[in-house]
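Structure first, then comments.
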Amino acid sequence: MKTDIQIAQDANMQHIKDVAARYGITEDDLELYGRYKAKLSDSLIEKTKDKEDGKLILVTAINPTPAGEGKTTTSIGLAQAFGRLDKNCLLALREPSLGPCFGIKGGAAGGGYSQVVPMEDLNLHFTGDFHAITSANNLLAALLDNHIQQGNALNIDTRQIVWKRCMDMNDRSLRNIVVGLGAKSDGFVREDHFVITVATEIMAILCLSSDMADLKKRLGNIIAAYNYDGEPVTAAQLQAVGAMAALLKDALKPNLIQTLEHTGAIVHGGPFANIAHGCNSVRATKTALKIADYVITEAGFGADLGAEKFFDIKCRKAGLKPDAVVLVATVRALKYNGGVPKNSLSEENLDALKKGICNLEKHIENLQKYRVPIVVTLNSFLTDTPAEYEYIRSFCQEKGCEFALSRVWEKGGEGGIELAQKVLQTLEEKPSDFQPLYPDEMPLKEKIRTIATEIYGADGITCTPAAEKTLAKLTELGFGNLPVCIAKTQYSLSDDQYKLGRPSGFTVNVRDVYVSAGAGFVVVLTGAIMTMPGLSKSPAAYGIDVNDNGRITGLF
């Protein structure tokens, strides 16, 4: 069996202008990055803005396990299946981060015969969006430190600088650093920090901005520090907005590529869901909805993180109303949640399946709270058995969910026909009555408590004294009506990654809070979650290489 990268490299890609033409996009509406990548022009977005929206389908999943769930693979395969059914369908996905690409996760372009291509380009530098975000972020950091060096006219309290530098790589040594060492001309000595690019506020701002004017407004609202009176110091006050916007000018435009079966894929933006809001750009999703009859998008990690933030942040802020949700699970992952070790997941074990299915059950219950119809799909593995399938099918039907098997990794679009037909049937027969989980006017602490108890299943929350103080201060500053973006482990419904299944009898521990005023949400740090990951003992980078002919190997 070929590896993912071998399948992708052997693909017969079409010129991107030919892919675009099937959606009524002319070459004049494209900014080409070679033969197989393009950005969608501002003029295309402008002239399609009054068209009727297509149907929006979110793909999410149970909590990720080492067994793998295949959420992106399912999203891509489902879109290919829609194409095989002669439906006008577009994908709207996130861009991968270099951090996990060279770290523990590997590439993020789908898998098997359900991939987006060119796979190597997407997983590496792509069209430079992440580099632009990194540069804009670090420009603000440089201007901030330079302002202090040049006399500190804004009276910035160097103990209350909240803006961090970034890079799109896992590097734990940069989490906590000291800058300004050396001579007086080398800057003011202070503690500083790095976050990974996908966790930055600039990434969130890019993904939530509707156009350049909105982008500049949001950039100006960024709080970089506080002065000695405790008042916010913004990027606008630091005169950073124009230059940052110039760096982000092209990054703001959505990218178009294709699947292995030539379905269009708008891939744009890429915040992590465990430490950020986990959704591709509003601009990409809204543009796709104007061009296609059906748009398939995804949210990061499990539904407790990605779907919750998709609904409560992205949909709330952008006025989106999803029409259906596809919830991805695997027999192997459910058995893992039932206590089966990774090396025994290929064996039939109905007892473990019955024990571990509580994780799927909780995600179904959570999604039902948003009043959007659900289709559960199992990403099929060769070691699964008919008895295991039948048990899960019956369980889903008892919970009021539609069910379909997916074999898209092995068969591409053909393997997603059953799922596509079930989704189409659901769209026809079960109208969505979407609503967010909480109202804007709910106090910040109650928003956190609501997500913790309703979505995670916690008994309540605890806050450190510092977090309590910050929540009070943010409310006083007028940020109380913002949604909350909870940074939490993806591996468990709780804030403890080792509590599998459906944990109970726990509290969520809030250790820190800060506002992303430009993005328009309050970030809540729980447990031991880090905004700058580290590399594992054997990172994926060890297996990546390029031969004398420029052909990359080992990239998933």
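The structure presented is a predicted model; accordingly, all values stated were derived computationally and were not measured.
- Within a 6.0 Å radius of NZ in K55, other residues, nucleotides and ligands contribute 12 heavy atoms or fewer.
- The aromatic rings of H131 and H125 are tilted relative to each other, their planes meeting at an angle between 30° and 60°.
- Side-chain N or O atoms of N137 include one that pairs as donor or acceptor with a backbone N or O of K164 at under 3.5 Å.
- Considering only residues two or more places apart in sequence or on other chains, F521 meets the ring-ring contact (aromatic ring centres under 6.0 Å, His included) condition with H277.
- Residue P483 is tested with M442, K317, K309 for a side chain to side chain contact (heavy atoms under 4.5 Å, CB included); the sole match is K317.
- For S97 against F272, the heavy-atom pair with the smallest separation is CB-CE2, 3.8 Å.
- A salt bridge does not link K473 with E476: every distance from a Lys NZ or Arg NE/NH1/NH2 to an Asp or Glu carboxylate oxygen is 4.0 Å or more.
- Evaluation of the ring-ring contact (aromatic ring centres under 6.0 Å, His included) rule for Y514 yields no partner, not counting sequence neighbours.
- Within 6.0 Å of NZ on K217 lie no more than 12 heavy atoms contributed by other residues, nucleotides or ligands.
- Taking the centre and axis of the six-membered ring of F301, the NZ or CZ atom of K488 falls outside the cone set by 45° and 6.0 Å.
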Using the side-chain contact (heavy atoms from CB on, under 4.5 Å) rule, take V328 and I62 through it: C-alpha gap first, then chi angles, then the decisive distance, then the call. CA-CA 6 Å; V328 180; I62 62 172; over 6 Å; no

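- Counting heavy atoms of neighbouring residues, nucleotides and ligands inside a 6.0 Å radius, atom NZ of K369 exceeds 12 of them.
- The number of heavy atoms from other shown groups lying within 6.0 Å of CZ (R371) does not exceed 12.
- Put simply, the side chain of N63 gets close to the backbone of Q490: a donor and an acceptor are under 3.5 Å apart.
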